[in-house]
Amino acid sequence: MPEPVITRFAPSPTGYLHVGGARTALFNWLLARHSGGKFYIRVEDTDRERNRPELLLPILNGMSALGLTADVFEGAGETCFDGLVSGDPWERRAVLQSKRLPAHQVAARHLLDSGMAYRCVCSAEELAERRTAAQKAGRQPGYDRRCRELAVGEDAAPFVVRFRSPLGGTTAWIDEIKGALAFENDQIEDFVILRSDGTPTYNLAAVADDAWMKISHVVRGDDHVSNTPKQILLYRGLGYEVPRFAHVPMILGGDRSRLSKRHGATSVTAYLDEEGFLPDALRNYLVRLGWSLGDQEVISLEEMIAGFSLEGCGTAAAVFDRDKLTWLSGHYVRHRDPEVLAREWARFLGLPERGDARVAVAADARLVRIVRALQERAKTLAEMTQLGQLFLTADDRVALPAPDSKDAKKWLTPDGVAALGELLAALDGIEPFETAEIHAALTRLAESREGKLARVAQPARIAVSGGTVSPPIDETLAILGREVVRSRLGRAIAHFQAA
RNA sequence: GGCCCCGUAGUCCAACGGUUAGGACGCUGGCCUUUCAAGCCGGAAGCCCGGGUUCAACUCCCGGCGGGGUCACCA
């Protein structure tokens, strides 16, 4: 009778979903889905500063974008996040830790009553003073346990509640990823579990809630290992079963320090909405960072779920490699159904501050055709937008290169301009104005030029797009349509002839 | 500094006592080609160091070195 697997992602509302957090969430989600268990979200907002919806929503939205749906925690009652508006997809999908205050106080009370915790009246200033003094004297900076045996009563003005850590022995556990881990108990200070305002600190709240939600596997970042012995002590003190722990290694920046803003983009939203990476690609990249399925690089969601295991997770921190993410994204762009891609691109283009690109190219057949032409050369939606600019821009807005620029000098020679003229003249004879017919016409014009298609195609490309790069020229012209091509050809001829 | 973790090419992973150390990104040579991509073929590049254990170590043990994390009334 295997125990049910119940995991959770417990973000602190920071206003954005960090890719490291996203990976942690993904691992939790995969573990639960792999074993048919549950995956919950619990928001660690006991710090009042962070208890604001606008700091939480970006995280929830980032998870939605990656497809990391949470299960409803049935016992949540009034503690769940209701969303900002009714019908919010996250309604009842996230437990708010701040609403568990009474339960946390009961837990602290229990510890106090059983002598496993005590009140401390040392002020923050005194603590800071003694800490620096201790450091100066070369002693450990932790709390000096001054109030440990004072038996401070509850009527004693402002006080915090501290956990009475064991003075000897060790606290150990078998980490599902890192293996056997152990800490000497005298390394564990008498940490605060209840602040002077009566609210719980992280360790108490996390333990009380994980036990309440019956979390079986606590999968979280590496940076939490030193909290683990404290939490194990709390679980035991509270009489709860200790869950399994799995600490996943950090994600590093290029300089091998913890990935942060100074390394560039770190939020899921930035990668998805601003840089236009496909969500599947980001998810695939993230799961591959620290977990592997043999030598397989491209892994579908189904394969991830079927093959995921904590044992398969690596133990070393990994550097975030944007180039590889880009390659993966390109793979997903190329293999995506054009109609689906077109919708995603339209939404990407619809974002604010995207200027010219917003020119109405309704999600119609033409857009899909453009996507087909672009998808094998664009690696992200942003790149697609850039490469597709010639299709999105109004005729007179295509920026032609200066007549004395390198490209113009190479291709818009007198003969190049002449080719443009011949093409312009041939336009009305191309019927229908479609790829194959256009191709035939271009080939004909190339005949008098040693059969070199490039001598016709490149000038045309520049005339029509302003640059030397575009999808195949025949298809490009067909998509643009006879009249647009006529207008751009005429404009280009005038522009380059003047030189 | 104390404690904890980590160490296969520039980067991400595979190998889990016996392989010419495998794959991928990136880099690079070529093919293809109307541009750019994509695709295909080829190349350079790696087991941190030193001791053990063993018939045999990238794999196990110890030490060193290097990197990271953590030491709050933040989570």
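In the text below, chain A, chain B and the rest are named by the order of the sequence lines, each starting its count at 1.
Contact annotation: side chain of A:N227 to base of B:rA75, donor-acceptor pair present below 3.5 Å. Contact of A:R461 with B:rU34 (side chain to base): a donor-acceptor pair of N or O atoms is detected under 3.5 Å.
Phosphate proximity of B:rG7 to A:T315: present, with a side-chain N or O under 4.0 Å from OP1 or OP2. At the phosphate of B:rG39, OP1 or OP2 sits under 4.0 Å from a side-chain N or O atom of A:R334. Using a 4.0 Å cut-off, some side-chain N or O of A:T46 falls inside it from OP1 or OP2 of B:rA75.
Aromatic ring centres of A:F308 and A:F27: separated by under 6.0 Å.
Comparing atom distances between the A:S196 side chain and each of B:rC3, B:rC73, B:rU34 picks out B:rC73 as nearest. Nearest to the side chain of A:R131, among B:rC6, B:rC73, B:rU70, sits B:rC73. Distance from the side chain of A:Q140 is smallest for B:rG2 among the nucleotides B:rA75, B:rG2, B:rC36. In the set B:rC13, B:rU70, B:rU34, B:rU70 carries the atom at the smallest distance from any side-chain atom of A:R258. Closest to the side chain of A:S292, from the set B:rC13, B:rU35, B:rU11, is B:rC13.
Between the side chains of A:D209 and A:Q97, at least one donor N or O sits under 3.5 Å from an acceptor N or O.
The C1' atoms of B:rA45 and B:rC40 are separated by 22 Å, rounded to the nearest whole Å.
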Stepwise ring-ring contact (aromatic ring centres under 6.0 Å, His included) check, A:H331 with A:Y285: CA-CA 12 Å; A:H331 176 89; A:Y285 178 71; over 10 Å; no

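Across the strands present, B:rG18 finds its partner in B:rC55; the criterion is a Watson-Crick or G-U wobble pair with both atom distances under 3.5 angstrom. For B:rC32, there is no paired nucleotide, since no Watson-Crick or G-U wobble pair has both relevant distances below 3.5 Å. In this structure B:rG10 sits in a base pair with B:rC25, meeting the Watson-Crick or G-U test at under 3.5 Å. Under the Watson-Crick and G-U wobble criteria, each requiring two contacts below 3.5 Å, nucleotide B:rU70 is paired to B:rG2.
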Where protein sits on nucleotides 20-30 of chain B, one letter per nucleotide: B base, S sugar-phosphate only, - none, heavy atoms under 4.0 Å: --BBBB-----

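Within the cation-pi definition used here (under 6.0 Å to the ring centroid, within 45° of the axis), A:R220 does not qualify as a partner of A:F245.
Among the heavy atoms of the strands, none lies under 4.0 Å from A:C313.
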